[in-house]
Amino acid sequence: MADAKVIPFGDEPRAKRRTKRTGRARTGRVPAPLAPVAPGGGERAPQPRREGPQRPAAAAGGAAGARDGAVPPAAAAEAATGGPGSAEGQEGGWERKLAHGLSFLRRRITGEYEVDDFGYDRELTDQVVMSLLRPFKEKYFRVEVKGVENIPEDGAALIVANHSGTLPVDGLMLQVAVHDHHPAGRHVRMLAADLVFMLPLVNELSRKLGHTLACAEDAQKLLERGEVVGVMPEGFKGIGKPFSERYKLQRFGRGGFVQTALRAGAPIVPCSIVGAEEIYPMIGNSRTVARLLGIPYFPLTPSFPWLGPLGLVPLPTKWTIQFGEPIPTDDYPPEAADDPMLMFNLTDQVRETIQHTLYKLLVQRRSVFF
């Protein structure tokens with residue numbers, strides 16, 4: 001083993017001894033530490049000084065404070081100023097929500113809100129109706145949305161979907177699904193049957209939600225404005241069919257939706273909805289009661305009308321809504337809207353696409369409720 005080098009402390013100059021006692025030289029610099037002695041006997045080469053970014057003092061102090069059990073400066077400042085993690089921040093959040101709600105009520109009472117010429121109230125739809133329907137979509141029916149990116153981010157589009165479920169719940173879930181899952185948060189303006197606008201309370205609510213009469217004039221006007229329009233061509237034939245014919249598409253009418261899309265140059269987006277057929281299994285139809293009430297059908301289900309109002313509670317089935325690839329219509333000339341063969345072919349193409357997707361989703365489905 002090599003002999004260690006002996007440093008004679010007594011022979012050190014006075015200035016060096018003073019520097020060693022104080023830890024600093026006269027210039028104020030800290031002396032470099034002695035090179036450590038390697039176990040083999042030789043001196044270890046000094047390591048080069050790193051010139052990388054230094055950690056801020058505040059971050060270092062925060063880490064040290066966290067190790068010592070102290071509150072970091074950022075957390076302390078947040079708690080002192082009423083940040084989101086503090087009790088004051090939570091109280092402030094509730095105060096803002098309350099103020100926002102009171103402002104909404106004030107606008108409702110004073111009439112300081114806007115509706116379009118169809119009666120659509122966007123503020124009421126976004127802040128009230130969507131908030132009420134969203135728990136049914138997310139928690140009750142657990143709707144799984146696929147292919148929503150096939151709906152354009154801007155401009156007109158016509159969504160064509162199957163219709164089922166005894167009551168038109170699928171149209172409402174379609175609206176919430178597009179609004180919540182589409183990157184642009186688009187609104188769907190549904191086309192509804194005449195009966196919807198003949199019922200006192202339902203008429204007003206449907207207008208507020210943006211629904212309009214299922215006629216070519218209204219649909220074309222909305223498409224020309226660049227809106228997303230939703231239509232269910234099966235109508236009452238689809239929503240009122242017996243449970244034994246579930247997921248079998250009925251006739252799509254005369255193809256009027258294709259003519260409207262051709263005139264507006266809007267793409268047609270096929271939409272398939274699985275899960276709505278089982279919410280009210282329709283095992284019968286009392287035509288006599290339906291004629292007396294002036295409605296297309298009077299459903300008989302395992303729970304309605306036998307259980308009274310309790311029979312109106314839908315079964316919590318698992319839903320899937322899938323949007324197919326859009327079918328463009330802007331490549332056709334303007335006179336193509338009057339071509340019956342073209343309308344028939346496009347109508348059949350949309351119907352076959354929806355039916356094929358329904359069968360595909362049914363094969364993939366594990367259970368009606370899960």
Side-chain angles (χ1 to χ4, degrees), residues 140-144 146 159-174 177 190-196 214 230-258 268-307 311-324 344 346-370:
Y140 197 81
F141 296 124
R142 294 147 292 151
V143 180
E144 181 181 1
K146 300 179 179 180
I159 300 177
V160 182
N162 60 304
H163 206 11
S164 60
T166 307
L167 292 180
V169 183
D170 51 358
L172 299 176
M173 294 297 104
L174 176 62
M190 297 298 299
L191 302 181
D194 301 355
L195 179 62
V196 174
V231 61
M232 297 175 168
E234 293 178 279
F236 290 117
K237 299 187 299 294
I239 196 175
K241 63 177 177 289
F243 187 70
S244 59
E245 299 181 9
R246 60 191 180 278
Y247 298 114
K248 296 180 181 179
L249 293 182
Q250 305 298 307
R251 184 171 172 266
F252 268 23
R254 302 177 181 178
F257 67 92
V258 173
I268 301 174
V269 181
C271 177
S272 302
I273 304 175
V274 168
E277 294 274 14
E278 294 89 2
I279 60 173
Y280 297 111
M282 186 172 169
I283 58 178
N285 179 18
S286 179
R287 292 182 173 83
T288 303
V289 179
R291 284 195 298 267
L292 292 175
L293 297 178
I295 55 180
Y297 59 90
F298 187 83
L300 302 177
T301 71
S303 58
F304 182 82
W306 331 113
L307 299 181
L312 296 176
V313 178
L315 296 178
T317 58
K318 176 71 170 60
W319 286 35
T320 301
I321 301 179
Q322 179 163 338
F323 300 93
F344 174 80
L346 287 177
T347 302
D348 190 62
Q349 179 183 353
V350 174
R351 187 179 182 277
E352 289 299 323
T353 301
I354 297 175
Q355 184 69 82
H356 177 74
T357 306
L358 287 175
Y359 289 149
K360 183 179 178 180
L361 293 175
L362 289 173
V363 171
Q364 298 173 353
R365 184 170 67 167
R366 296 178 302 171
S367 171
V368 175
F369 299 100
F370 303 102

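What you see is a predicted model; the values in this text were computed from it and never measured. When reading the values below, keep in mind they use all heavy atoms of this one structure, side chains included, and skip hydrogens, waters and symmetry mates.
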If we ignore hydrogens and angles and just use 3.5 Å, is the side chain of T317 paired with the main-chain N or O of V368 as donor and acceptor?
no
Hey, does [Y] have a side-chain heavy atom less than 4.5 Å from the side chain of [X]?
{"X": "I321", "Y": "K146", "value": "no"}
{"X": "V231", "Y": "I159", "value": "no"}
{"X": "K318", "Y": "R366", "value": "no"}
{"X": "N162", "Y": "P233", "value": "no"}
{"X": "L361", "Y": "Q322", "value": "yes"}
{"X": "V160", "Y": "F252", "value": "yes"}

Provide the closest heavy-atom pair for [X] versus [Y] in the form atom of the first, atom of the second, distance.
{"X": "P302", "Y": "P281", "value": "CD-O, 3.2 Å"}
{"X": "A276", "Y": "S164", "value": "CB-OG, 3.6 Å"}
{"X": "G255", "Y": "T347", "value": "CA-OG1, 3.5 Å"}
{"X": "Q250", "Y": "R351", "value": "O-NE, 3.3 Å"}
{"X": "V269", "Y": "G324", "value": "CG1-O, 3.6 Å"}
{"X": "F141", "Y": "L315", "value": "CE2-O, 3.6 Å"}

Show me the pairs that pass salt bridge (Lys or Arg N to Asp or Glu O under 4.0 Å) and involve residues 269-286, at least two apart or across chains.
K241-E277, E278-R365
Any pair counted as ring pair (Phe, Tyr, Trp, His ring centres under 6.0 Å), so long as it reaches residues 279-300, sequence neighbours left out:
F298-F304
What residues form a side-chain hydrogen bond (donor to acceptor under 3.5 Å, both in side chains) with D170, not counting sequence neighbours?
H163
Nearest-0.5 Å distance that lies between atom [atom1] in [X] and atom [atom2] in [Y]:
{"X": "N285", "Y": "T301", "atom1": "CG", "atom2": "OG1", "answer": "12.0 Å"}
{"X": "L312", "Y": "T166", "atom1": "CG", "atom2": "OG1", "answer": "11.0 Å"}
{"X": "M173", "Y": "W319", "atom1": "CE", "atom2": "CH2", "answer": "6.5 Å"}

Quick one: side chains of residues 352-360, donor-acceptor pairs under 3.5 Å with protein atoms, not counting sequence neighbours, listed by atom name and distance.
from: T353; atom 1: OG1; to: Q349; atom 2: O; distance (Å): 2.7
from: Q355; atom 1: OE1; to: L249; atom 2: N; distance (Å): 3.0
from: Q355; atom 1: NE2; to: Y247; atom 2: O; distance (Å): 3.0
from: T357; atom 1: OG1; to: T353; atom 2: O; distance (Å): 2.8

For F369, does the CZ atom sit with more than 12 other heavy atoms under 6.0 Å from it, leaving out its own atoms?
yes
Test side chain to side chain contact (heavy atoms under 4.5 Å, CB included) applied to V274 and L362, step by step
CA-CA 7 Å; V274 168; L362 289 173; 3.9 Å; yes
Contacts of type side chain to side chain contact (heavy atoms under 4.5 Å, CB included), residue A214, not counting sequence neighbours
L191
In chain order, what residues pass the ring-ring contact (aromatic ring centres under 6.0 Å, His included) check against F323, with sequence neighbours excluded?
none
